[in-house]
Amino acid sequence: MDSILAYMERYDYEHLFICQDKTLNFKAVIAIHDTTLGPATGGCRMWQYGDEMEAIEDALRLARGMTYKYAAAGVNLGGGKAVILGDPHRKDREPVFRLLGKFIDRLGGLYITGEDVGTTLKDMEYIRMETPHVVTLPSYLGGAGDIAPMTAFGVIRAMQACCNKVFGSNTIDGKVVAVQGLGAVGHNIVGQLHELGATLIVTDIDSQKVNNIVPKYNVKAVAPEEIYDVDCDIFCPCALGGIINDETLDRLKCRIICGSANNQLKEERHGDLLEAKGMVYAPDYIANAGGTIFDTDRLETGSVNNERGKERVSRIYENMEKVFEIAERDNIPTYIAADRMAEERIQQVEKVKRFVVTPKT
Ligand code: NAD
């Protein structure tokens, strides 16, 4: 990125806030992309960046990603993101996160933060001491608590829509699913897919996680590198980004790729190549929105309600169907159709917002 303002102009950003405090060695960036649908919302990442431009670029890129994620999910929130520059393992968490809370509070609700890479629910509690504008909170503080089971449920709803598209029925029973990564989301996916009658092949670089899952659900495990080669109907990446790449693409034998991992396509052209091979790709931010849909539901309604939250997450099925419709309508791959769906919703809501409500006398 050569010029911050040129980058912001190109992708239509609203704000960029840079925060620092010398005594606490605190440096953070808050990026606000688009607030057409509602306050800019997105987690706070803590990371040791190479330099400050890298941090700014990451905050801007992630904030824009959140705009698309919420818009496509039908949630009335805009896109924002905070990043704290520095060692994610630094010990002085309370002053660091309370200070970030102060900066967020100054924005008066323009930006709502949450947990992300390098931050924890405990850090969110510190932020909550200084501002109400934080969404990811433990249940004892009125938050949704652990959202991974809902992320997993949302991925499975997307998977069912993909099955309907490919096999003409949304049933998971009897499908062979290869799950890469058995962490917070992956292990929940395995449990839920097992209930639905899938045959599972799993892997993780952490052998302890594999050893826990295999006997529990009587599933087959393979070495991490072998997961791309297994015969399966669905490949479900729940570990890292960039796993659909030049090296793996020709090895995959599945009909569907649907998982929770962010940024699954190493480059956009890999989405085109999947399409050309006749594989159905569930765009990551459509499939993995369940946790965030569940988590932010209380912002609109004032309280956590599992039944209502689950119902909203369940609509990821319809969101996937809409992605397929747009892909067919415009003859484009699904990863582009997802962006188009988000952009169309923002444009439509912008039009609705033009109408002024006459004040009641
Ligand atoms: P996690 O850290 O709990 O689990 C990731 C797992 O992947 C770990 O068990 C790790 O050992 C394993 N792993 C790492 N590299 C691997 C490799 N090369 N092969 C096999 N396994 C490997 O993370 P998570 O919360 O379960 O999230 C998984 C993915 O989903 C991430 O990309 C995350 O960004 C994304 N995601 C998570 C959520 C959520 O609710 N937690 C929501 C949206 C997106």
Side-chain angles (χ1 to χ4, degrees), residues 41-47 58 61-62 65-66 68-70 72-73 75 81 88 114-121 124 135-138 143-159 177-193 200-214 219 221-230 235-245 247-248 251-252 257-266 282-297 309-310 313 316 319 338:
T41 307
C44 168
R45 181 165 287 196
M46 193 165 179
W47 199 248
D58 203 30
R61 188 180 56 81
L62 293 165
M66 292 312 294
Y68 279 78
K69 186 163 187 165
Y70 289 126
V75 173
K81 206 86 183 184
E115 196 184 353
D116 200 84
V117 174
T119 60
T120 65
L121 275 186
M124 299 305 114
V135 64
T136 331
L137 284 172
D146 178 15
I147 58 168
M150 279 297 168
T151 302
F153 174 61
V155 169
I156 292 171
R157 291 297 287 152
M159 214 177 258
V177 188
V179 182
Q180 178 187 46
L182 302 171
V185 181
H187 92 262
N188 274 293
I189 286 189
V190 170
Q192 293 180 32
L193 285 176
L200 291 146
I201 303 168
V202 303
T203 195
D204 198 292
I205 47 169
D206 181 340
S207 56
Q208 189 61 47
K209 287 182 178 157
V210 176
N211 293 341
N212 287 342
I213 286 261
V214 167
V219 296
V222 296
E225 218 6 74
E226 288 168 21
I227 197 75
Y228 304 107
D229 304 307
V230 299
F235 174 52
C236 179
C238 298
L240 310 166
I243 34 76
I244 310 293
N245 55 45
E247 206 265 309
T248 59
R251 292 164 61 189
L252 292 171
I257 296 166
C258 178
S260 75
N262 279 312
N263 307 317
Q264 290 167 33
L265 304 174
K266 177 122 198 264
D284 42 18
Y285 72 85
I286 303 288
N288 71 20
T292 193
I293 293 172
F294 184 69
D295 198 19
T296 54
D297 175 61
K310 192 167 180 192
V313 175
I316 287 179
N319 295 344

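Just so it is clear, the values below take in all heavy atoms, side chains as well, and ignore hydrogens, waters and symmetry mates. Both counts, for ligands and for their atoms, begin at 1 and track the order of listing.
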- Per-atom contacts, ligand 1 versus A261 - under 4.0 Å to a heavy atom: 29 (C), 30 (O), 32 (O)

- atom 34 (O) of ligand 1: the protein heavy-atom neighbour that sits closest, reported with distance to 0.1 Å: N262 ND2, 3.0 Å

- Please check if a non-hydrogen protein atom sits closer than 4.0 Å to atom 2 (O) of ligand 1. no

- Item | Side-chain donor or acceptor of Q192 paired with backbone N/O of I156 under 3.5 Å | no

- Donor-acceptor under 3.5 Å (D204 side chain, L182 main chain): yes

- Item | Closest contact, heavy atoms only, R61 versus N263 | NH1-ND2, 4.2 Å

- atom 12 (C) of ligand 1 [closest protein heavy-atom partner, distance rounded to 0.1 Å]: D204 OD2, 3.3 Å

- Given M159 and L193, is the side chain to side chain contact (heavy atoms under 4.5 Å, CB included) satisfied, shown in steps? CA-CA 10 Å; M159 214 177 258; L193 285 176; 3.8 Å; yes

- Would you say L240 and ligand 1 have an N/O pair spaced under 3.5 Å apart? no

- Task: Consider ligand 1: state whether an atom of it lies below 4.0 angstrom from any non-hydrogen atom of G181.
- Result: yes

- Message: Test your reading of the model: is there a side-chain donor-acceptor pair from Y228 to the backbone of E247, 3.5 Å cut-off?
- Response: no

- Item | Among V202, I205, V155, I147, closest by any non-hydrogen atom to atom 19 (N) of ligand 1 | I205

- Task: Indicate yes or no: does an N/O atom of A239 lie under 3.5 Å from an N/O atom of ligand 1?
- Result: yes

- Task: Run the numbers on D295 and T292 for side-chain hydrogen bond (donor to acceptor under 3.5 Å, both in side chains), then give the verdict.
- Result: CA-CA 5 Å; D295 198 19; T292 193; 5.5 Å; no

- Contact (N/O only, under 3.5 Å) between T151 and ligand 1: yes

- Item | Contacting atoms of ligand 1, where contact means under 4.0 angstrom from a heavy atom of K209 | 8 (C), 9 (O)

- Measure the distance from atom 37 (C) of ligand 1 to every protein heavy atom, then report the residue, atom name and distance (to 0.1 Å) of the closest one. V185 CG2, 3.7 Å

- If you measure every N/O of N288 against every N/O of ligand 1, is any gap under 3.5 Å? no

- Message: If we ignore hydrogens and angles and just use 3.5 Å, is the side chain of E226 paired with the main-chain N or O of A221 as donor and acceptor?
- Response: no

- Message: Tell me the protein heavy atom at minimum distance from atom 23 (O) of ligand 1, and give that distance in Å.
- Response: A184 N, 4.5 Å

- Item | Heteroatom distance test (D206, ligand 1): nitrogen or oxygen, under 3.5 angstrom | no

- Tightest non-hydrogen contact, residues A72 and I286, listed as CB-CD1, 3.5 Å

- List the closest protein heavy-atom neighbour of atom 4 (O) of ligand 1: residue, atom name, distance to the nearest 0.1 Å. G183 CA, 3.2 Å

- Task: Check the side chains of D116 and T119 for a donor-acceptor pair under 3.5 angstrom, ignoring hydrogens and angles.
- Result: no

- Query: Which heavy atom in T151 sits nearest to a heavy atom in S260, and how many Å separate them?
  - Reply: CG2-CB, 4.3 Å

- Note on the structure: shortest atom 30 (O) of ligand 1-to-protein heavy-atom contact is with S260 OG, 2.8 Å

- Item | V210/T203 under side chain to side chain contact (heavy atoms under 4.5 Å, CB included): CA gap, chis, key distance, verdict | CA-CA 7 Å; V210 176; T203 195; 5.5 Å; no

- What residue and atom, counting heavy atoms only, is the protein's closest point to atom 28 (C) of ligand 1, and at what distance? C238 O, 3.2 Å

